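Beneath this line is the structure, given in C-alpha cells, with notes to follow.
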Amino acid sequence: MLFFSKLALRGSLFGLLASTHSATTSLRATSFAPSARTLSARPLALRVPRATSAVRMMSGLPSDEAGWRTVLSPEQFRILRQKGTEAPGFSETRPGELEHELQKEGTKYPENGAYECAGCGSPLYYARSKFNSGCGWPAFYDGVPGAIKEIPDSDGRRIEIVCNNCGGHLGHVFKGEGFPSPTDARHCVNGVCLKYNPAGEQPASVPEMPAALRPKMMPK
C-alpha cells in the first residue's frame with residue numbers, strides 16, 4: 001500500500017510540473033507573438049513608401065560648385081550655377097531639350113504634370129501655368145507656391161528667379177505686361193533648367209490660360 005501511495009504522489013507531482021510548463025509556454029507565446037494591431041503600429045519607415053517626386057534632400061545636394069559639375073551638364077551648370085542665359089529658341093530647336101521633346105509628343109503645353117528643377121528635382125511649375133508668350137523661352141504665369149525665390153537685380157531693372165531648394169538660377173520674372181493670366185506675370189525660364197514630369201502632381205484648381213496662349217501643335 002505504501003508503494004502505491006508513493007507512485008500516486010509521484011504522478012501528481014509530474015502532472016503539476018507538466019501543467020506549469022504548459023501555462024508558461026502559453027504565456028510566452030502570448031507575450032511575444034505580434035498582434036495585427038502591433039504590426040499596424042510599426043514606424044512608417046518599415047513600410048513601403050508611396051511614390052513621390054525624385055527630389056534630392058538638402059543633405060544630398062552637392063556642397064560646392066565642383067560637386068555640381070558632376071551632376072549637371074556643362075550647359076546646365078553654366079545657367080543654373082553661373083546665372084547664364086540660353087539663346088532664344090534654344091529649347092524648342094535643339095534635340096533633347098525641353099520644348100523640342102514636348103513638341104515631339106504633340107504639344108509644348110501639356111495639360112497634366114509639372115516641371116521640376118533640373119538641379120534638384122523640386123517641382124517648380126504646374127503644367128497648366130505654361131503659356132506661349134512669344135519671347136523665345138518657356139513662360140509660366142506663376143510657380144508652385146513656395147518653390148520660387150525672387151531676387152531683384154542690383155540695378156533694379158529686373159527680378160531674378162531661383163529655385164528655392166537648391167538656389168539654381170532659372171531666369172527672370174516680368175510683371176504688368178498685360179497677359180490675361182491670374183497674375184499678369186511672366187516667368188521667363190531657361191528651358192535647360194527644367195524637366196517635365198507627366199506624373200507630377202497638379203491641383204485641379206490650377207487655372208489654365210486662354211486657348212490662344214496655349215496652342216495645340218502636332219509633332220513635326
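These figures come from a predicted structure and were not determined experimentally.
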Do [X] and [Y] share a hydrophobic cluster, counting only Ile, Leu, Val, Met, Phe, Trp and Tyr and linking them when any side-chain heavy atoms are less than 4.5 Å apart?
{"X": "Val192", "Y": "Val173", "value": "no"}
{"X": "Trp68", "Y": "Leu124", "value": "yes"}
{"X": "Val144", "Y": "Tyr141", "value": "yes"}

Flag the pair [X] / [Y] as yes when at least one side-chain heavy-atom distance between them is below 4.5 Å, and no otherwise.
{"X": "His100", "Y": "Arg94", "answer": "no"}
{"X": "Pro62", "Y": "Val71", "answer": "yes"}
{"X": "Cys135", "Y": "Phe174", "answer": "no"}
{"X": "Cys117", "Y": "Cys166", "answer": "yes"}
{"X": "Thr107", "Y": "Leu102", "answer": "no"}
{"X": "Pro180", "Y": "Leu213", "answer": "yes"}

Which distance, rounded to the nearest 0.5 Å, do you find between the [atom1] of [X] and the [atom2] of [Y]?
{"X": "Asn132", "Y": "Lys108", "atom1": "CG", "atom2": "NZ", "value": "6.0 Å"}
{"X": "Asn197", "Y": "Asn112", "atom1": "CG", "atom2": "CG", "value": "11.5 Å"}
{"X": "Cys120", "Y": "Leu80", "atom1": "SG", "atom2": "CG", "value": "9.0 Å"}
{"X": "Gln103", "Y": "Glu105", "atom1": "CD", "atom2": "CD", "value": "11.0 Å"}

For [X], which residues count as a side-chain contact (heavy atoms from CB on, under 4.5 Å) partner, sequence neighbours excluded?
{"X": "His169", "answer": "Ile79, Lys83, Glu160, His172, Asn190"}
{"X": "Ala139", "answer": "Phe131, Ser133, Arg186"}
{"X": "Pro88", "answer": "Trp137"}
{"X": "Pro203", "answer": "Tyr126, Ser205, Val206"}

Qualifying residues under salt bridge (charged side-chain N to carboxylate O under 4.0 Å, His left out), relative to Glu75, sequence neighbours excluded: Arg78
Residue pair [X] / [Y]: nearest heavy atoms and the distance that separates them:
{"X": "Cys193", "Y": "Leu170", "value": "CB-CD2, 3.9 Å"}
{"X": "Leu72", "Y": "Ala118", "value": "CD2-O, 3.9 Å"}
{"X": "Pro182", "Y": "Met209", "value": "CD-SD, 4.4 Å"}
{"X": "Gly178", "Y": "Asp184", "value": "N-OD1, 2.7 Å"}
{"X": "Pro123", "Y": "Ala147", "value": "O-CB, 3.4 Å"}
{"X": "Glu97", "Y": "Ser91", "value": "CB-O, 3.5 Å"}

Stepwise, does the salt bridge (Lys or Arg N to Asp or Glu O under 4.0 Å) test hold for Arg128 with Glu111? CA-CA 6 Å; Arg128 287 197 295 273; Glu111 297 291 331; 5.5 Å; no
Transitive ILVMFWY cluster of Val162 at side-chain heavy atoms under 4.5 Å: who else is in it? Ile151
Backbone N or O of [Y] within a donor-acceptor pair of the [X] side chain at under 3.5 Å?
{"X": "Glu177", "Y": "Ala185", "answer": "no"}
{"X": "Arg157", "Y": "Pro152", "answer": "no"}
{"X": "Asn164", "Y": "Gly146", "answer": "yes"}

Go through the side-chain N and O atoms of His187 and Tyr125 and say whether any donor and acceptor fall under 3.5 Å apart. yes
Salt bridge (Lys or Arg N to Asp or Glu O under 4.0 Å) contacts touching residues 136-156 (sequence neighbours left out): Glu150-Lys175, Asp153-Arg158
Tell me, which pairs form a salt bridge (Lys or Arg N to Asp or Glu O under 4.0 Å) where one or both residues lie in residues 60-74, sequence neighbours left out?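 Counting only pairs at least two positions apart or across chains, the salt bridge (Lys or Arg N to Asp or Glu O under 4.0 Å) contacts touching residues 60-74 are Glu65-Arg81.
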Mind checking ring-ring contact (aromatic ring centres under 6.0 Å, His included) for Tyr115 and listing every partner two or more places apart, or none if nothing turns up? Phe140, Tyr196
Just jot down the side-chain hydrogen bond (donor to acceptor under 3.5 Å, both in side chains) partners of Glu99, sequence neighbours excluded, or say none.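 Glu99: side-chain hydrogen bond (donor to acceptor under 3.5 Å, both in side chains) contacts with Lys130.
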